[in-house]
Protein chains: 2
Amino acid sequence: MAADSQKKATVSSTVEDYLKVVLKIEDMKQRASTSRVARHLDVADATVTDMLRKLKKVGLLEYKPYYGATLTRKGRQMAVRILRRHRLLEMFLHQVLGYGWEQVHQEAERLEHAVSDLFISRIDALLDFPAQDPHGEAIPDARGFRQVEDDLCLSEAEPGSYSVRKVTNSDPEFLAYLDKVGLRPATRLSLQEKAPFQGPLKLLPESGREPVYLGLEASRSIFVLPLKDRPPASAPLPEGRASQGSVGRPGRGAGKE
Amino acid sequence: MAADSQKKATVSSTVEDYLKVVLKIEDMKQRASTSRVARHLDVADATVTDMLRKLKKVGLLEYKPYYGATLTRKGRQMAVRILRRHRLLEMFLHQVLGYGWEQVHQEAERLEHAVSDLFISRIDALLDFPAQDPHGEAIPDARGFRQVEDDLCLSEAEPGSYSVRKVTNSDPEFLAYLDKVGLRPATRLSLQEKAPFQGPLKLLPESGREPVYLGLEASRSIFVLPLKDRPPASAPLPEGRASQGSVGRPGRGAGKE
DNA sequence: CCCTATTTTTAGATCAGTCTAATAAATTTG
DNA sequence: CAAATTTATTAGACTGATCTAAAAATAGGG
């Protein structure tokens, strides 16, 4: 309760976008280099150099020439705030306005810069303080705390039974496809073999559908939780990490209505 | 159904703001002069001169130097579209997110430029196609048709009984005050005397409250409908224009929840 | 350790939207 | 009707975000 001695320091939506991207890159344990940031934002490298320098000047990140950027506490705080807005908005669009999970990202991308804190707190309450967005990604809470995920990437998973935890790719085509073949957060599936170096990965979604084949790119954007019960035909489960689903609160999941 | 041969011609939110203001001024039967537009937008006159010229060039309005601007069909269409978005958003904020009527304007002002058509059509349906916003202003329909209002301004009204139709002033302080004294759309009130040239206008809101005194400015932003039943103590009703309330569909009115 | 390839930064420009100060047109008034 | 006042336009400049092209730094491979 130590008062808000933090100056409000409003930033442009462009700045918000830069911070978001740096956070995303850092979360992927990569170096936020000029070119990487540029690729994510689809701007020229030179533009990023300028902007990173500017953001360093206002104390939102550290910037070492020829190296890249690192968020400061203040910068990270802002970035997480945007992330929260983005994901809450996605959930709102999905749950209240009936958007498909492939439609929410684009709209949230614009709204996250336009809505007020009041708006955010109202939809948060309306949705009963959801812990995940429609893609299964964790929604940071109002204080900026983020759930630690202990899911694993499908491209790394050993054969076994899993439950889809999140999909970290917002391409509408791809998401529409996953939806069509019945792959969504909470979908159970089993994996007969580890992802090959080349070629598609074969999955069997529960609910007796056709097997699904995914490219490497695709399998890298799907994260799963191992299911401990009902071990698969042949291979034994990995071991310890049976974190068993309840990473968040029960909530309403990500069902379509 | 003659196809959309209209190019989508996306405009900046700045342009949207200019169009909106010109529409508003035209609706008030005034000339959209440089300085008037500048006052509404709180920018320098010189800025408006430039912008009006630019908007003329892209065919959104006519512009005569030293005279002012007039919307073209295309410009008016765009302006009405924004107006619709604005008012629908206000209604949404009020009805769904529980905003007070003094809070909705500012938020809608930002959102109107950020939301997609899908968003608008979804909230329209969710609200059951409302005909008025929380201030009682008509919401243009999806085709851009606008209800003709046959209300009259309190500053012009003869003594008699009336029902508040709309309040055309978005100042939060003022609206909070009206709310406090119980003046909202649909509130009935009676007027003992015509608004004086100088000094406050005295109103008696029904529901046995204290009389309310309004300045000229204030009384000019409140529009009412004459009530034909229960004529007031002394003066007879104006005459013909008893349009009797049902200007829109019944809807949910503008109640707070 | 030098040369090439890649990545990054610098330099210089552009565009939209804005400003102030100065000038010019229109309007009001003595 | 001409002077005074108001309103509008021009001129010149700035800011934030972007670009392209050229120069510089870093990183690898012989």
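In the text below, chain A, chain B and the rest are named by the order of the sequence lines, each starting its count at 1.
In this structure the side chain of Thr34(B) never reaches within 4.5 angstrom of the side chain of Tyr66(B), judged on heavy atoms. When side chains are defined from C-beta on, Phe92(B) does not count as touching Asp124(B), because their heavy atoms never get closer than 4.5 Å. Between Tyr99(B) and Arg122(A), the closest side-chain pair of non-hydrogen atoms falls below 4.5 Å.
Listed pair Arg53(A) / dT10(C) meets the phosphate criterion, a side-chain N or O lying under 4.0 Å from OP1 or OP2. Distances shown here put every side-chain N or O of Thr49(A) at or beyond 4.0 Å from the OP1 or OP2 atom of dT8(C). Distances shorter than 4.0 Å separate none of the side-chain N or O atoms of Ser33(B) from OP1 or OP2 on dT7(D).
Closest contact between the side chain of Tyr66(B) and the listed nucleotides dT18(D), dA26(C), dT18(C) involves dA26(C). Comparing atom distances between the Ser35(B) side chain and each of dT18(D), dT7(D), dT10(D) picks out dT7(D) as nearest. When the nucleotides dT18(D), dG17(C), dC19(C) are ranked by their closest atom to the side chain of Thr47(A), dT18(D) comes out on top. Checking dT18(D), dC19(C), dT8(C) against the side-chain heavy atoms of Ala44(B) singles out dC19(C) as nearest. For Lys54(B), the listed nucleotide lying nearest its side chain is dG17(C); candidates were dT10(D), dT18(D), dG17(C). Side chain of Ala46(B), nearest nucleotide from dT18(C), dT10(D), dC19(D): dT10(D). Here the nucleotide nearest the side chain of Ser12(B), chosen from dT7(D), dT8(C), dG17(C), is dG17(C).
Atom NZ in Lys64(A) sits roughly 18 Å away from atom C1' in dT7(C) (whole-Å rounding). Computed from coordinates, the Lys56(B) NZ to dA8(D) C1' distance equals 16 Å when rounded to whole Å. Going from atom CG of Asp45(A) over to atom P of dA11(C) covers 17 Å, rounded to whole Å. Distance CG (Asp50(A)) to C1' (dT10(C)): 9 Å, rounded to an integer number of Å. What separates CG of Asp42(B) from C1' of dC19(C) is a distance of 13 Å, to the nearest Å. Separating the CG atom of Leu52(B) from the P atom of dG17(C) is a distance of 13 Å, rounded to the nearest angstrom. Taking atom CE on Met51(B) and atom C1' on dC15(C), their separation rounds to 12 Å, with Å as the unit. The interatomic distance linking Leu55(A) (CG) with dG16(D) (C1') rounds to 12 Å, in whole Å.
Residue contacts for Thr34(A): at a heavy-atom cut-off of 4.0 Å it reaches the sugar-phosphate backbone alone, with no base atom in range.
His135(A) and His105(A) are not linked by any side-chain donor-acceptor pair at a separation below 3.5 angstrom, with hydrogens and angles left out of the test.
Note that Lys166(A) lies in the cation-pi zone of Phe223(A), set by a 6.0 Å cut-off to the ring centre and a 45° limit from the axis.
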